[in-house]
Amino acid sequence: MSTAEAPVVVKRAHDAFRAGKTRSLECRRKLLEDLLRMITEKEQDFVEAMRKDLNKPEFESVSYEIDFAKNDIIDALNNLDNWAKPQQVERPLHMMGTPAYIQHQPYGVVLIIGAWNYPFQLTVLPLVGVIAAGNTVIIKPSEIAQEFATVLAKVVPQYLDNDCVQVVNGGVEVTTDLLKERFDHILYTGSGVVGRIVMEAAAKHLTQVTLELGGKSPCFIDDDVDINTVARRLLWGKFMNAGQTCIAPDYVMCKRSMNDKLLSAIVETIKEFYGEDPKTSPDYGRMVSDRHFQRVLSLTKNSKIAIGGDSDASQRYIAPTIITDVKDSDPVMLEEIFGPVLPIFNVHNMDEAIDFINSKSKPLALYVMSNSKAVIKRFTDETTSGGLVSNDVLLHAGLTTLPFGGIGASGMGCYHGKFSFDTFSHKRACVNANPGMDKLLSMRYPPYTTGKLNMMRWILGKKRKSGLFGWAVAAALIGVCAVVLFMVLK
Ligand code: NAD
């Protein structure tokens, strides 16, 4: 896209929205059906593109990207009527005859800026919510997963109304041009550094943003666990997509006395998952670019490598690598790793682990492996993070009934399932007042009197929740109120 095109593309989306092309539930449903058909018919094109970009195995592309989105579409189709219908709210006694409700309105034009590591999921999954909520949209896939971006831009116009859904490809300069335009909501997935750029650009138009960022997600391992099970779950989440998963366990925290048995369980698990040489395994991914390859490798320099450590620049391959004797100040502990390198950071006890987590930026995900409910409760009560899973990893991201998002440096806002619909909907407060009954309302009009003020306070004042006696008093008050209203209205 050239610089001159950004205003044209964005205007087209605004025009389509103003023309009401996505207003009715029928057109939203049609767009969702078209999207589902596109995904179903072009599945292999997407799988192939992601294999070229990341050597992503078909299993991972289908299970954790394509089927994720399909499930979200089906969820939206099944529930759209319910999600979109006006939501009646409770009213005080004096407004009983005055309907009040929340109307779910589309914001207008949404910009989705995707990242490269799950290129399908991070563009198509938010798209489901954007469409369900009735917005028009411009998708800017990451230029780093180039093959995927090319396929998406090719197939979207073949299946979806191109006034309502447009895909724009290009590098940083294209994203920069788009960000100069006015959107009604921006969802950005990627690093915190660019997240700040996006937020700054959005602030110029007072556009609200959802930021899906990253960071270091810790995994605490307690002494009492079944170490083989823990190793399998831990490494499944860590080495999927060659560690390029925003919610991958970034580092392990355990007592030094756990190291030996954890390391031998990890050696066995790596063999079980990827064979003797992970480089030859069809199920093991590659770094997305030379720059990312060099960055991850540089984090292992001067470290004590307990397992792995091999690499091959020609394939952007980094072996599953475990680092021990890690210090807080080591490079590997200073930034999100985002690659197949797992440091084991030793702590003396759970208190130290909790203090360490709380001294850092709020993580996107936090994992606790323990058989003790008390230990899990301590992490649940005494830390904060975007998501928390005990005795497994990643699971929260797969449940459409849970919100997905970060907190603080790991992001703001959330989506998935109904949370996507809510994120892309304005909740308009609506009251349909009765054109008559003005006598009842006359106490609010000037000239003000003490009597009117007392009456207002008595009728509008909220009552504290209380026990049986309180309920009896409340019932009596309602009775008196009803009699007063009857007298006023008579
Ligand atoms: P990236 O390089 O693909 O960048 C993401 C988008 O930002 C791209 O579309 C790119 O065009 C745009 N961009 C890059 N630089 C820009 C600039 N200077 N100005 C304007 N736009 C710019 O992705 P990345 O940043 O390498 O992503 C990796 C990060 O994303 C990791 O921290 C990871 O944890 C995080 N992430 C988070 C989630 C989540 O759901 N929370 C998911 C995936 C990745």
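When a ligand or atom number is given, it counts from 1 through the structure's own listing order. Source: prediction; values computed, not measured.
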*asked:* Considering Val172, Leu187, Asn117 one by one, which has a heavy atom nearer to atom 17 (C) of ligand 1 than any of the others?
replied: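 When every heavy atom of Val172, Leu187, Asn117 is considered, Val172 comes closest to atom 17 (C) of ligand 1.
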*Where the closest heavy atom to atom 22 (C) of ligand 1 is concerned, which of Val288, Leu213, Val194 has it?*
Val194
For ligand 1, which atoms sit closer than 4.0 Å to a heavy atom of [X]?
X      : answer
Glu143 : 8 (C), 9 (O), 10 (C), 11 (O)
Ile144 : 2 (O)
Leu122 : 42 (C), 43 (C)
Ile113 : 6 (C), 7 (O), 9 (O)
Leu364 : 41 (N)
Glu336 : 31 (C), 32 (O), 33 (C), 34 (O)
Glu212 : 37 (C), 38 (C), 39 (C), 40 (O), 41 (N)

*Start with the C-alpha gap between Tyr118 and Thr245, add the side-chain angles, then the distance that decides, and say whether side-chain hydrogen bond (donor to acceptor under 3.5 Å, both in side chains) holds.*
CA-CA 8 Å; Tyr118 286 75; Thr245 302; 2.6 Å; yes
*Using the ring of each side chain (for Trp, its six-membered ring), is His426 parallel, tilted or perpendicular to Tyr107, with breaks at 30° and 60°?*
tilted
Quick one: nearest non-hydrogen protein atom to [atom], plus distance?
atom                    : answer
atom 28 (C) of ligand 1 : Phe338 CE2, 3.7 Å
atom 35 (C) of ligand 1 : Gly190 O, 3.5 Å
atom 24 (P) of ligand 1 : Trp116 NE1, 3.7 Å
atom 40 (O) of ligand 1 : Phe404 CE2, 3.3 Å
atom 6 (C) of ligand 1  : Gly114 O, 3.4 Å
atom 25 (O) of ligand 1 : Ser191 N, 3.0 Å
atom 7 (O) of ligand 1  : Tyr188 CE1, 3.4 Å
atom 36 (N) of ligand 1 : Cys246 CB, 3.5 Å

With a 6.0 Å cut-off on ring centres, are [X] and [Y] close enough?
X      : Y      : answer
Phe421 : His104 : yes
Phe424 : His185 : yes
Trp83  : Phe419 : no
Phe148 : Phe46  : yes

*For residues Ile354 and Phe379, determine if any side-chain heavy atom of one lies less than 4.5 Å from a side-chain heavy atom of the other.*
yes
*Heteroatom proximity flag, Tyr415 to ligand 1, N/O under 3.5 Å*: no
*Any salt bridge between Glu382 and Arg378, counting N to O under 4.0 Å?*
yes
*Gln87 and Gln103 side chains, donor-acceptor separation under 3.5 Å*: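 No, no side-chain donor-acceptor contact under 3.5 Å.
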*Report the part of Thr175 (side chain from C-beta onward, or backbone N, CA, C, O) that has a heavy atom under 4.0 Å from ligand 1; answer both or neither where that applies.*
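Side chain only.
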*Under the criterion side chain to side chain donor-acceptor pair (under 3.5 Å), which of Arg37, Glu41, Glu33 is the partner of Tyr159?*
Glu41
_Go through it in stages, so that I can follow the logic: the residues are Asn346 and Asn259, the test is side-chain hydrogen bond (donor to acceptor under 3.5 Å, both in side chains), and I'd like the CA-CA distance, side-chain angles, deciding distance and then a yes or no._
CA-CA 8 Å; Asn346 290 129; Asn259 282 13; 2.9 Å; yes
*Looking at residues at least two apart in the chain, or sitting in another chain, which of them share a side-chain hydrogen bond (donor to acceptor under 3.5 Å, both in side chains) with Lys238?*
none
*Could a heavy atom of Tyr118 be found less than 4.0 Å from some atom of ligand 1?*
no
